[in-house]
Amino acid sequence: MHAYTTHSQRPKRVISVYAAAGFATSPQFMSHFLDRIEQELGREGMVLRAELLFPYGDWHLNKMRQLREIASDLRLSIKKRHFSVGGRRILSTLHKEDRITGDELILIGHSAGGLAAMHAAHRLMELNDRDGASSTIPNVKVIQIGSPRCRVPKKLQRSSLYVYATNAKGRVTDPITKMGSWSGWPIVTHRKLLRDPLFYAPDSIQGVQTIGGHKDYFRHMPPFVNEAGCTNLDVTVQAIMNWLKL
């Protein structure tokens, strides 16, 4: 965990960043990625607190248990997110030592970690609505990388980014991103109810051209280097930073 300021005076935005790993992940799998995000935001004079989370455990814990928890969370309806195993664990971490502070909270999740991050953000929004003016919850953004699709509540769609891997021809190379659903059934006229596959989708959905697939978004060494000399990590971080600066 890191916490620092880049100026003696309080900067314009105080940001906390938490990155959530997915199924049976190495304890260091996202460390280079989080360091890069930390550096990029730090260049803009922002206070940054960055921490890695493992809402379903790392590769040392029982894998069948992790799969059951992830499968259970993936099946949850949008009204039952308070039962989310991964989401509750992220919230438990955030509530310790008053970590929900600052102006902006960014939850980034890879694979099932993105599922847990969205569930946690959804619950935070519910708490914010419940507490009203007395709430101290900062502005929340969610970034899902190579995650199963899960329905995003309307209040979070504008503040959510979904990233998926493609090859040079634009074809999806991450099968995990084909799992789940964003579909919904909006009310329509003429006594018909039509299914909209993007009804609960985040507003920003972006493909990133990487070498490899699901496990390779954060690769930072050869052979995961494109013709322009950029690594997969470079491409992934740039997509995120472009969106955060919008």
Side-chain angles (χ1 to χ4, degrees), residues 17-37 40 52-59 63 66-67 69-71 73-75 84 86-87 90 106-121 141-152 156-157 159-182 197-198 200-221 223-226 230-244:
V17 181
Y18 293 88
F23 167 70
T25 302
S26 161
Q28 300 301 318
F29 177 68
M30 297 180 72
S31 60
H32 287 290
F33 165 74
L34 189 56
D35 286 345
R36 280 287 300 278
I37 292 293
E40 293 292 332
L52 286 172
L53 304 177
F54 296 85
Y56 301 104
D58 60 22
W59 63 7
K63 293 179 176 58
Q66 292 186 52
L67 284 174
E69 291 175 348
I70 292 168
D73 284 357
L74 189 57
R75 290 193 298 267
S84 171
I90 290 179
I106 302 176
L107 300 178
I108 308 175
H110 172 256
S111 193
L115 179 69
M118 183 60 70
H119 288 183
K141 288 184 170 65
V142 183
I143 300 168
Q144 297 177 296
I145 305 169
S147 300
R149 301 179 183 186
C150 70
R151 292 178 175 89
V152 181
L156 278 171
Q157 287 180 333
S159 58
S160 298
L161 169 67
Y162 185 88
V163 176
Y164 64 96
T166 72
N167 61 18
K169 296 181 179 180
R171 294 177 180 173
V172 177
T173 56
D174 184 351
I176 299 300
T177 62
K178 297 180 180 180
M179 298 174 60
S181 174
W182 292 318
L198 297 177
Y200 287 109
D203 282 0
S204 297
I205 302 171
Q206 184 169 344
V208 290
Q209 186 177 321
T210 59
I211 299 169
H214 181 67
K215 297 180 179 180
D216 303 314
Y217 291 94
F218 313 128
R219 304 291 188 185
H220 61 286
M221 297 178 67
F224 301 96
V225 182
N226 63 24
C230 297
T231 66
N232 284 1
L233 179 62
D234 294 331
V235 174
T236 302
V237 169
Q238 190 59 55
I240 291 170
M241 291 307 301
N242 288 343
W243 179 74
L244 287 174

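Side chains included, hydrogens not; waters and symmetry mates left out as well; all remaining heavy atoms used. None of the values given here were measured: they were computed from a predicted structure.
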* Asked: Can you tell if the side chain of V208 reaches within under 4.5 Å of the side chain of T166, non-hydrogen atoms only?
  -> no
* Donor-acceptor contact below 3.5 Å, side chain H110 vs main chain H214 -> yes
* **Side-chain heavy atoms of W182 within contact of I205, under 4.5 Å** => yes
* To do: Test side chain to side chain contact (heavy atoms under 4.5 Å, CB included) on V163 and W243 and set out the steps.
  => CA-CA 11 Å; V163 176; W243 179 74; over 6 Å; no
* Worked verdict on Y56 versus L115 for side chain to side chain contact (heavy atoms under 4.5 Å, CB included) -> CA-CA 11 Å; Y56 301 104; L115 179 69; 4.1 Å; yes
* **Spacing of CZ belonging to F218 relative to CG belonging to L34, to within rounding of 0.5 Å** => 10.0 Å
* Roughly how far apart are I240 CD1 and F33 CZ, rounded to 0.5 Å? -> 3.5 Å
* Minimal non-hydrogen separation, I70 against A112, with atom names -> CD1-CB, 3.6 Å
* Would you say the side chains of D234 and T231 form a donor-acceptor pair under 3.5 Å? -> yes
* To do: Nearest 0.5 Å please: distance from the OG atom of S159 over to the CG atom of D203.
  => 8.5 Å
* Examine distances only and state if a side-chain atom of S111 and a backbone atom of G113 form a donor-acceptor pair shorter than 3.5 Å. => no
* Are C150 and M118 side-chain neighbours, meaning at least one heavy-atom pair lies under 4.5 Å? -> yes
* Structure fact -> Nearest heavy-atom contact between L107 and A117 is CD1-O, 3.6 Å
* So, the side chain of D216 versus the backbone of G213: is there a donor-acceptor pair under 3.5 Å, distance only? -> yes
* Asked: Do you know the tightest heavy-atom contact between C230 and V235?
  -> CB-CG2, 4.2 Å
* Donor-acceptor contact present, side-chain D73 to main-chain G86, <3.5 Å -> yes
* Asked: Looking at A165 and T210, what are the two nearest heavy atoms and their distance?
  -> CB-OG1, 3.4 Å
* Structure fact -> Closest heavy-atom pair, V142 versus A121, reported as atoms and distance to 0.1 Å, is CG2-CB, 3.3 Å
* Asked: About how many Å separate OG of S181 and CG of L198, when rounded to the nearest 0.5 Å?
  -> 9.5 Å
* Side-chain heavy-atom pair T177, R149 within 4.5 angstrom cut-off -> no
* Between the side chain of R36 and the main-chain N/O of V237, is any donor-acceptor distance below 3.5 Å? -> no
* Shortest non-hydrogen contact between H220 and L233, atoms and distance -> CB-CD2, 3.7 Å
* First locate atom CD1 of I37, then atom OG1 of T236, and finally report the distance between them rounded to the nearest 0.5 Å. => 9.0 Å
* Ring centres of F29 and W59 under 6.0 Å apart? -> no
* Under 3.5 Å, side chain of Q66 to main-chain N/O of A24, donor-acceptor pair present? -> yes
* Structure fact -> Rounded to the nearest 0.5 Å, the CG atom of D58 sits from the CG atom of L52 at a distance of 11.0 Å
* Quick one: does Y162's side chain have a donor or acceptor within less than 3.5 Å of a partner on S147's backbone? -> yes
* Are the side chain of T25 and the backbone N or O of G22 linked by a donor-acceptor pair below 3.5 Å? -> yes
* Say whether, by atom type as modelled, one donor and one acceptor occur between the side chain of Y164 and the main chain of I145 under 3.5 angstrom. => no
